[in-house]
Amino acid sequence: QVQLVESGGGLVQPGGSLRLSCAASGLSFSTYGVGWYRQAPGKQREFVVLVTRGGSTNYADSVKGRFTISRDNAKNTVYLQMNNLKPEDTAVYYCTSGGIFWGQGTQVTVSS
C-alpha cells in the first residue's frame, strides 16, 4: 500500500522559513517523479515544484529563488525548503508521486 506523509508545516512570520518533508512507503521516490502542490482557501490546487526521476526540477514562477526541492533516496523522502515566505504562500501543501498518489497535506500559514 502506497502512503505519502507530509510534515513540517506551521505558522511562520513573513520572511521566515520552513522545511516540509514528504516520506513515502510502498514506492520508491527514485523511480517516480515527485511534486509539491498547494491549495489556498477558496482557490484551486496549484503546482509548486517538481523533481523528476532523473533529478531535473521545475518551479512555479511564484516560488523560484525562494523554494528548493531536494530528495534523499536513502530515506525515501523529499524535502521542500521554503525561504522568504510571504502571506500568499499560505496554503495546504501536498506532495504527490506521479500525480497518482497524494499525501494528506500539511498546513503552512504565513502571518504576522
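Every value quoted in this text rests on a predicted model; they were computed, and no experiment measured them.
Under the 4.0 Å criterion applied to side-chain N and carboxylate O atoms, D89 and K86 are not assigned as salt-bridge partners.
When all heavy atoms of N84 and R66 are compared, the pair lying nearest together is O-NH1, 3.0 Å. The shortest non-hydrogen separation linking S62 to R38 is OG-NH2, 3.5 Å. Closest heavy-atom contact between Q104 and V5: OE1-CA, 3.8 Å. Listed here is the closest heavy atom pair of P14 and S111: CD-C, 3.6 Å. Heavy atoms only, all atoms of each residue included: R71 and T52 are closest at NH1-O, 2.9 Å. Closest approach of L4 to S97, counting heavy atoms only: CD1-N, 3.8 Å.
The ring pair (Phe, Tyr, Trp, His ring centres under 6.0 Å) test with F47 singles out one residue from Y59, F67, Y93, Y37, and that residue is Y37.
Considering only heavy atoms from C-beta on, S28 comes within 4.5 Å of N76 through its side chain. Residues F29 and L27 are in side-chain contact: their nearest non-hydrogen atoms beyond the backbone lie under 4.5 Å apart. Using a 4.5 Å heavy-atom threshold, the side chains of V78 and I69 count as touching. T90 is listed as a side-chain neighbour of Q107, based on a closest heavy-atom distance under 4.5 Å.
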* Mind running side-chain contact (heavy atoms from CB on, under 4.5 Å) on T106 and L20 for me, showing each step along the way? => CA-CA 8 Å; T106 186; L20 306 183; 4.0 Å; yes
* Asked: For L50 and T57, what are the C-alpha separation, side-chain angles and deciding distance, and is it a side-chain contact (heavy atoms from CB on, under 4.5 Å)?
  -> CA-CA 5 Å; L50 167 71; T57 57; over 6 Å; no
* Hey, mind stepping through L18 and V108 against side-chain contact (heavy atoms from CB on, under 4.5 Å) and telling me if it holds? -> CA-CA 9 Å; L18 283 174; V108 171; 3.9 Å; yes
* Go through the steps for Y79 and C22 under the test side-chain contact (heavy atoms from CB on, under 4.5 Å), then give the verdict. => CA-CA 6 Å; Y79 303 98; C22 175; over 6 Å; no
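Hydrophobic clustering places F101 together with V49 (ILVMFWY residues linked when any side-chain heavy atoms are closer than 4.5 Å, directly or through intermediates).
Judged by a 6.0 Å distance limit and a 45° cone about the ring axis, R45 is positioned over the six-membered ring of Y94.
Counting non-hydrogen atoms of other residues, nucleotides and ligands closer than 6.0 Å to CD of E88 gives a total above 12.
Among residues at least two apart or in separate chains, side-chain hydrogen bond (donor to acceptor under 3.5 Å, both in side chains) pairs with a member in residues 15-25 are S17-N83.
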